[in-house]
Every structure is written in C-alpha cells, then in structure tokens.
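Structure, as structure tokens:
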There are 2 protein chains.
Amino acid sequence: MPDLLTIGELSARSGVAPSALRYYERLGLIRADRTGGNQRRYARAELRRVAFIRISQQVGVSLDEIRAALDSLPEARTPSPQDWARLSASWRSRLDERIRLLAKLRDDLDGCIGCGCLSLQRCALNNPEDTLAGEGPGARLVLPQPADAPTPAGPFNCRPTPAGV
Amino acid sequence: MPDLLTIGELSARSGVAPSALRYYERLGLIRADRTGGNQRRYARAELRRVAFIRISQQVGVSLDEIRAALDSLPEARTPSPQDWARLSASWRSRLDERIRLLAKLRDDLDGCIGCGCLSLQRCALNNPEDTLAGEGPGARLVLPQPADAPTPAGPFNCRPTPAGV
DNA sequence: CTGTGAGTTGAAGTGCACTTCAACTTAAGG
DNA sequence: CCTTAAGTTGAAGTGCACTTCAACTCACAG
C-alpha cells in the first residue's frame with residue numbers, strides 16, 4: 001500500500017539522476033527508507049520534494065536554502081497542498097526580482113545599442129542597484145559584488161572617450 | 001598619450017578584482033601591454049571589453065562563449081560602436097528566452113499555488129520545452145537535461161495522488 | 001539456484017569562475 | 001637611495017552541484 005519507489009524509479013519519474021538523488025539525501029533534502037538489504041525505497045511524497053527542489057533551482061535558489069525551506073515543512077504529517085503553496089510562494093519575490101533585473105538589462109542593452117555611448121557603460125553597469133544579486137543557481141558566480149566594495153568611484157561613464165575608443 | 005591603466009586602476013574602474021582580470025587574460029578575454037618591468041598596462045579600450053564581459057555574464061553567457069564573441073571583433077582597429085552593438089545584440093535573443101522561461105515559471109507557480117494539484121507537478125516540470133537551457137552563468141548546473149534523456153515517461157502528473165500525498 | 005540488472009559505499013574527479021598564497025620584483029614619492 | 005604600495009608568477013584552494021569509479025551486494029525472473 002505505501003507503494004515505495006526504488007531509486008531508479010524515482011530517477012525515471014523525476015528526471016533526476018540517481019547520483020543526484022543520493023547527493024540530495026546526503027544534504028538532507030530528501031529521505032528514503034531502506035529494505036532489509038539496505039536499498040533505498042522512496043515514499044511517493046518524495047517525488048514532490050524532488051519536484052520542488054528542481055523548480056527552486058530554476059528560480060535560482062541554492063540547495064542549502066532549499067534544504068532550509070524543506071526543513072520548515074511539518075515533520076509529523078505529509079505536507080498538505082497549502083504547505084507546498086506556502087513554500088512556492090516564498091520564492092515568488094525572488095523570481096520577480098530576477099525577472100525585473102533581466103528585463104532592465106535587456107532594456108539597457110537595447111538603449112545602448114542605439115546610442116553613441118556604445119552600450120554597456122553607464123547604462124547597465126554603472127548602476128549599483130543593478131547587480132542581479134543571488135542570480136546563478138549554482139555557484140554564486142554572477143557578480144557577487146561583495147557589498148563592502150565601495151562602489152568604484154566612477155566605474156564607467158558614457159563619454160565616448162574622445163579617441164573614440 | 002595612450003594613457004595606459006595599471007591593473008589596479010582597471011580593477012577600480014571596472015569593479016573587477018585584479019585576480020579576475022589576470023584570469024580573463026589567461027583565458028584570452030582581454031590583453032595587456034607590459035612595462036619594462038613586466039607589469040601589465042591596459043589600453044582604455046580594455047575597459048570596454050571588461051564591461052562587455054560582465055554584462056554578458058549577467059545575460060548568462062559563459063566565459064568561453066564570451067571569448068568566442070570577443071574573438072569576432074576586428075583585430076586591426078579599435079572596435080567601433082557598431083562592433084559593440086553587434087555583439088550586444090547577439091545576446092539579445094538569449095536574454096529574451098531567459099526572461100520568457102522565468103516568466104513562464106512564475107506563471108506556472110502562481111497557477112499551481114492556487115490549484116488543487118499542489119503546484120510544481122505537470123505545471124512547470126512536465127513541460128519538456130521548459131528547461132531554461134543554458135541558464136546559469138557559471139557551471140552548467142541548471143537542469144542541463146542531456147537532450148538524450150528520453151523525456152521520462154510521465155514524470156509528474158497532477159492527479160493529487162489519492163492518498164493526498 | 002543462478003544470472004543479471006539494479007543497487008550500495010566512500011573516495012576522488014569535474015567544470016566553472018575565481019581567490020589565495022608565498023616568494024619575489026617594480027614603480028614612484030620623499 | 002630607501003621605503004612602500006602595488007605588481008608579478010605558478011600552484012593550490014574554494015564553492016557548488018554533481019558524476020564517476022571500483023568493489024561489492026541485492027532483488028528477482030527464469
């Protein structure tokens with residue numbers, strides 16, 4: 001009746017490699033029962049957790065934060081629709097922000113492509129609020145902008161640099 | 001008269017750490033002249049290259065691809081505004097696609113939050129075209145979906161899983 | 001009962017984009 | 001000339017999200 005899934009089945013149904021599932025388990029993102037012979041058996045509810053993990057990654061959330069979010073689920077009972085809705089909603093503003101910054105970048109790029117300043121200079125870069133914080137899903141590779149960096153004096157400016165450089 | 005920049009100056013004006021600038025040079029993204037004492041001296045035009053690199057990263061392009069793009073600049077002359085505009089424009093569709101997928105993800109999330117299916121299942125994940133390809137700027141961490149993966153039979157479906165799981 | 005495909009483990013490797021380090025040299029002001 | 005901040009190098013380290021590997025065990029159809 002519990003209808004447990006093997007790691008291969010969970011992998012097939014979720015599209016996540018078995019090695020990744022084991023990795024998620026090590027990090028405490030999902031859990032599995034074991035057979036007498038020590039093989040993993042997943043409750044169907046884990047499928048939902050895996051789905052949530054992958055969605056969250058698309059939103060740009062790190063596994064560590066996802067773990068924290070999942071930890072906030074009730075332990076006693078199987079999470080309800082509302083529980084999942086709450087978690088999903090918690091990413092909403094991040095997603096909005098990410099979209100907003102990308103849209104701004106696109107507009108800046110468009111503006112710059114047309115103008116004499118050539119693009120890139122003050123338009124998209126000279127704008128401190130414009131740092132796409134917490135962008136990348138994985139390594140925090142995208143312009144981490146340490147925040148303690150004193151916003152470089154005059155990073156770039158539009159003046160076409162007399163020599164036309 | 002060429003008014004060359006030291007690595008510290010370029011770093012300050014671009015907001016990019018000296019170590020990163022050296023790294024970019026190793027990868028062939030930027031170049032520097034040397035003083036008699038072997039110190040780097042950057043032409044002002046390099047500022048523009050660095051700006052382009054950072055913008056491109058925000059768009060989600062890898063350094064390797066950025067290098068390829070920069071390689072397409074004319075070697076003979078200092079790149080013109082049009083040259084830069086062409087490069088910038090080449091990221092445009094990527095940016096559009098990224099924004100489109102994130103917006104779709106947001107809508108799916110919203111839809112799911114309201115509906116009984118709980119979120120996440122068929123809505124956002126069960127959609128093969130929806131993989132945010134080439135998302136992350138750094139490591140290709142985000143659902144690389146090997147393309148040879150046969151789109152898992154029925155990865156997730158909305159049926160609330162009778163038990164209410 | 002046996003063969004085979006699927007599963008187990010810990011340790012090490014991968015890829016990207018950097019950063020850190022030690023040991024040393026250069027550039028520039030006083 | 002001397003000091004000192006800033007620069008140089010190659011090698012190694014970091015963080016994330018995994019993957020790969022070898023050596024072994026388990027589950028189950030025939």
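Naming convention: chains lettered A, B, ... in sequence-line order (proteins, then strands); numbering from 1 in each chain.
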May I ask you to decide if Leu102(A)'s main-chain N or O and Gln58(B)'s side chain share a donor-acceptor pair within less than 3.5 Å? no

Please enumerate all residues that pass side chain to side chain contact (heavy atoms under 4.5 Å, CB included) together with Ser93(A), with sequence neighbours excluded. none

Kindly write out the residues that satisfy side chain to side chain donor-acceptor pair (under 3.5 Å) with Tyr24(A), not counting sequence neighbours, or none if the list is empty. Arg54(A)

Write down the distance between CG (Asp33(A)) and P (dG7(C)), rounded to a whole number of angstrom. 16 Å

Given atom CG of Leu63(A) and atom P of dT19(D), what is their separation to the nearest angstrom? 11 Å

Does dT8(C) have OP1 or OP2 sitting under 4.0 Å from an N or O in the side chain of Arg40(A)? yes

Which of parallel (below 30°), tilted (30 to 60°) and perpendicular (above 60°) describes Phe52(B) and Trp84(B)? tilted

Describe, as an angle rounded to 10 degrees, how the axis at the first end of the helix from dC1(C)-dG30(D) to dG30(C)-dC1(D) is tilted relative to the axis at the last end, five pairs per end. 0°

By salt bridge (charged side-chain N to carboxylate O under 4.0 Å, His left out), Asp107(B) pairs with (sequence neighbours left out) none

Can you tell me if Thr6(B) touches the phosphate of dA6(D), counting only side-chain N or O atoms and a distance under 4.0 Å to OP1 or OP2? no

Those residues at least two apart in sequence (or on a different chain) that pass salt bridge (charged side-chain N to carboxylate O under 4.0 Å, His left out) with Arg106(A) are Asp96(B)

According to salt bridge (charged side-chain N to carboxylate O under 4.0 Å, His left out), who are the partners of Arg26(A), at least two apart in sequence or on a separate chain? none

Leu10(B) has an atom CG; how far is it from atom C1' of dT8(D), in whole Å? 16 Å

Test of understanding: with side chain to side chain contact (heavy atoms under 4.5 Å, CB included), list the residues that count as partners of Ser90(B), not counting sequence neighbours. none

Across all chains, not counting sequence neighbours, the salt bridge (charged side-chain N to carboxylate O under 4.0 Å, His left out) partners of Glu25(A) are Arg34(A), Arg40(A)

Whole-Å distance separating the CZ atom of Arg54(B) from the C1' atom of dC18(C): 10 Å

Measure the distance from CG on Leu4(B) to P on dA27(C) and round it to the nearest whole Å. 13 Å

List for me each residue that meets side chain to side chain contact (heavy atoms under 4.5 Å, CB included) alongside Thr35(B), sequence neighbours excluded, and say none if there are none. Gln39(B), Arg41(B)

If every non-hydrogen atom of Pro18(A) is compared with every non-hydrogen atom of Ile7(A), which pair is closest and at what distance? O-CD1, 3.7 Å

Between residues 19-30 of chain B and DNA chain D, which residues have a heavy-atom gap below 4.0 Å? Arg22(B)

Rounded to whole angstrom units, what separation is found between the CD atom of Glu65(B) and the C1' atom of dG15(C)? 14 Å

Anything under 3.5 Å between a protein N or O and an N or O of nucleotides 25-28 of chain D, put it in a table, one pair a line.
unit_1: dA27(D); atom_1: OP1; unit_2: Thr35(A); atom_2: OG1; d: 3.0

Do you know which of Ile66(A), Asp71(A), Asp64(A) makes side-chain contact (heavy atoms from CB on, under 4.5 Å) with Leu29(A)? Ile66(A)

Can you check whether Glu46(A) reaches Leu21(A) side chain to side chain, under 4.5 Å on heavy atoms? no

Please enumerate all protein N or O atoms sitting under 3.5 Å from an N or O of nucleotides 3-5 of chain D, with distances to 0.1 Å.
none

For the pair Glu97(A) and Arg94(A), find out whether any cationic side-chain nitrogen is under 4.0 Å from an anionic carboxylate oxygen. no

Separation of dA17(C) P from Gln57(B) CD (nearest whole Å): 7 Å

Selected nucleotide, minimal atom distance to Arg34(B) side chain, candidates dA17(D), dT8(D), dC18(C): dT8(D)

